[in-house]
Amino acid sequence: MQWFKQWRRQRILKRSTLDEAVWRFVLDRYPFTRVLEREERERLRDWVVLFLHEKSIEGAGGLVLRDEMRACIAAQACMLILNLDIDYYRGWVEVIVYPDEFVAEYEYVDEDGGAHRVEEPMAGESWLEGPVILSWADAELRGGETGYNVVIHEFAHKLDMLNGDANGFPPLHAGMDRAAWSRAFSAAYQDYCGRVERGEASEIDPYAAESPAEFFAVLSEAFFETPRAVLGEYRDVYHQLVSFYRQDPAARHARQPGEAEGPRGSY
Ligand SMILES: [Zn+2]
């Protein structure tokens, strides 16, 4: 059915109503889209059109989404699959966007059997085979030198969840070595947790120490936003991410020096 899928996609792309001005606004907005080559921009645009066609991106908590807001979310999400396929986001349709941080409620049972109910403010959340939930205040940030990007973070969880609960081990491509992935990530994770405990400085968000799943998501954010930080601190992880995402953002930024950091003090 490959031909049918291709035919269907071509038809959606041909009928696309993605506004050129909106698309230019989005491309200019993010440090990682500004440095794309022309052919990469065209491919990203195609994924964005298919993403907007397949997914429902809806505002919640009073937020009314405009076209450029949807396109901003779609473009960031599609950076991860630029050299993969939109099918990596199969099995779910909803993206829910709150104006700002939202409160997630969950329950857990402690070691003594006591039940607890927790309410925690969140910038983003991804459900297994369910929606991605985002705070617009966070999703619209341009990132840059902080490496923070809630959209990339949540969609990295989505890729991780393609083979079950998020655990920092997404399904690898044929030809990738599972043992090498494990070695690179567990050594880096252990080292990073030690550094956080000792209070050592790092360009990587300390939230990465939360769990191997968060480590993968946070390192994915940094991979696209501040690739040289990942390359400098965890070279083996960087190369595993290059193989997984089939992109080399550090090389991309190096081709266009000065573009990598984005406008300083933009937020
Ligand atoms: Zn997370």
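Nothing fancy with the numbering, it's 1 onward along the sequence. Numbering of ligands and ligand atoms starts at 1, following listing order. Only heavy atoms go into these numbers, but all of them, side chains included; no hydrogens, no water, no symmetry mates.
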Backbone N/O of Gln6 and side chain of Arg11: donor-acceptor pair under 3.5 Å = no
Counterpart residues, ring pair (Phe, Tyr, Trp, His ring centres under 6.0 Å), relative to Tyr245 (two or more places apart) = Phe223, Phe224
How about Phe155 and Tyr89: are their ring centres within less than 6.0 Å of each other?
-> yes
Contacts of the Zn ion (ligand 1) with protein N/O/S atoms, counting only those under 2.8 Å | His153 NE2, His157 NE2, Glu214 OE1, Glu214 OE2
How are the rings of Phe215 and Tyr234 set relative to one another: parallel (under 30°), tilted (30 to 60°) or perpendicular (over 60°)?
-> perpendicular
Using the test side chain to side chain donor-acceptor pair (under 3.5 Å), find all partners of Glu107 that sit at least two apart in sequence or belong to another chain.
-> Arg117
Check side chain to side chain contact (heavy atoms under 4.5 Å, CB included) between Ala74 and all other residues, then give those that pass, not counting sequence neighbours.
-> Val48, Phe51, Leu52
